[in-house]
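Written out below as structure tokens is the structure these notes cover.
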Amino acid sequence: MRAPSADRWEFWVRSLRGWDVVFYAMTAVAGVSIAVEVANARDAVVAVVGLVALVVAYLALARRGALRGDVRLTRPYLAVLVAVVVLELGLSELGAVLLFVGYSQIWYFAVTRLEGVLWSVALTLAFVGAMLARDPGRVADAQGVAELVGGAGTGLVFAIALGLWITWMSEQSEQRQHLVEQLGAAQAELASTHHAAGVLEERARLAQEIHDTLAQGFTSVVMLAQAASAELALDRTGSAADRLDQIEAVARDNLAQARALVAAFGPPELESGSLADALTRLGARFESETRVRVEVAGLDALGAVGPEQSVVLLRAAQEALANVRKHAGARHVRLSVARDARDVRLEVADDGRGLPSDVVEGVGLRGMRERADAGGGSLEVVAAPGGGTRVLMTLPAGAGPASAVPASAVPANAVRDDDETGERS
């Protein structure tokens, strides 16, 4: 015994309320018409009892079967439906009104097209049999039989054609609704994926900003505090006081960076001046903190630089100098910028110990490369002529927004002390 498909069952559940209204209305009209037209009270009672039995069967079998998707209930109901239609036709010609109920419900509850055709044929044959039984004299009238069979055949063809068309339309509607549901689910999944990607991208951006600002500042504080302790151990109170002043300045800068990060502002270094001013202050502060001589060159020819490019170049300079502090052991650093019609270039070269053969890029260098790629530029980290390391970042002069870090950047929990890992950050 074939069970209805999931789509058919859903169709039954969704449309059953409307079919209830049609069934009750048509049954009531048929009941009143037949009760008024029959010849005597006994036939009227029989007609009403038959219709009541049909309603009870509809409630007990058809509706329950539709709600459960159980053809073991809907098929017995169709048998009751055919029997009641035959009974009503035997009592009155107005019983033909029930044919509309019969054909429509056959196609509604039929699981397959073949089942709908077979039940429609059965109902038509029962109708012809009921009409001949009601008027036995018609059997001898060949013309009357031909008219009856012709009318019943025409009604059968119309019922089957209409049933097949309605079934096809219903299936198409179910398919479209299924596609709409799938589309809605896909859109919801896509929106969730975009949201997750956006969260990861923002997390990566914040991770890089923290590494390029707060983490580097805290590293400076630690190293300056160690230097101050060493000066105090040697009873050099004047030098220790200078280191404490530097610690306070770095801490204040870090506080400003943290506030700007929380408020989603640009770097504080660029709030009060140009990129050239920020690079000048960066070199001077680095020299004061590390006692490494810093030469800043090319600022006069730099000109105006867009805010996005300024952020990328400043962060690259900060990261390059942080690596010099932690890894290079240099005595001299040259920070230079150059610009032509196409590109803006930032170069940081030191005379330190250079790149080891097994160097591994850390968070900072990866972040610099991500920023350069996002701005359509490039980053080179190579050994400098004569020893040391050379960092060269190139950005298109007309580069668009580049301060955002792509989703492929390091995760938010990647900020760490690169001095402990041995990686060049």
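For R369 (side chain) and L379 (main-chain N/O), a donor-acceptor pair under 3.5 Å exists by modelled atom type. Remark: the backbone N or O of V101 is paired with a side-chain donor or acceptor of S104 at under 3.5 angstrom. Judged purely by atom type and a 3.5 angstrom limit, E347 has no side-chain atom pairing as donor or acceptor with the backbone of V337. Remark: side-chain polar atoms of S120 are paired, donor with acceptor, to backbone N or O of G116 under 3.5 angstrom. A donor-acceptor pair under 3.5 Å is absent between the side-chain atoms of E115 and the main chain of F109, judged by distance alone. Counting only distance, with no hydrogens or angles, the side chain of D343 and the backbone of R345 share no donor-acceptor pair below 3.5 Å.
Here D300 pairs with nothing under the side chain to side chain contact (heavy atoms under 4.5 Å, CB included) rule; sequence neighbours left out. E380 pairs by the side chain to side chain donor-acceptor pair (under 3.5 Å) definition with nothing, not counting sequence neighbours. F23 pairs by the ring-ring contact (aromatic ring centres under 6.0 Å, His included) definition with Y58, not counting sequence neighbours. With sequence neighbours excluded, the residues that form a side chain to side chain contact (heavy atoms under 4.5 Å, CB included) with L164 are W107, R113, I160. In this view, Q187 and L183 satisfy the side chain to side chain contact (heavy atoms under 4.5 Å, CB included) rule, not counting sequence neighbours. With sequence neighbours left out, the side chain to side chain donor-acceptor pair (under 3.5 Å) criterion links Q182 to H178.
The side-chain heavy atoms of D20 and R63, taken from C-beta on, include a pair separated by under 4.5 Å. Looking at L61 and T74, their side chains never come closer than 4.5 Å, going by heavy atoms from C-beta outward. The closest side-chain heavy-atom distance from T389 to V348 is not below 4.5 Å. Between S274 and D277 the shortest side-chain heavy-atom distance falls below 4.5 Å. Between S378 and M393 the shortest side-chain heavy-atom distance does not fall below 4.5 Å. Side-chain contact between F286 and V296 is absent, with no heavy-atom pair separated by less than 4.5 Å.
Other residues, nucleotides and ligands contribute at most 12 non-hydrogen atoms within 6.0 Å of the CZ atom of F100.
Using a 4.0 Å cut-off between a side-chain N of Lys or Arg and a carboxylate O of Asp or Glu, R285 and E289 qualify as a salt bridge. A salt bridge is absent between R390 and D350; no separation between the charged side-chain nitrogens and carboxylate oxygens falls under 4.0 Å. Ionic pairing of D340 and R342 is not present here: no N-O contact between side-chain nitrogen and carboxylate oxygen is shorter than 4.0 angstrom.
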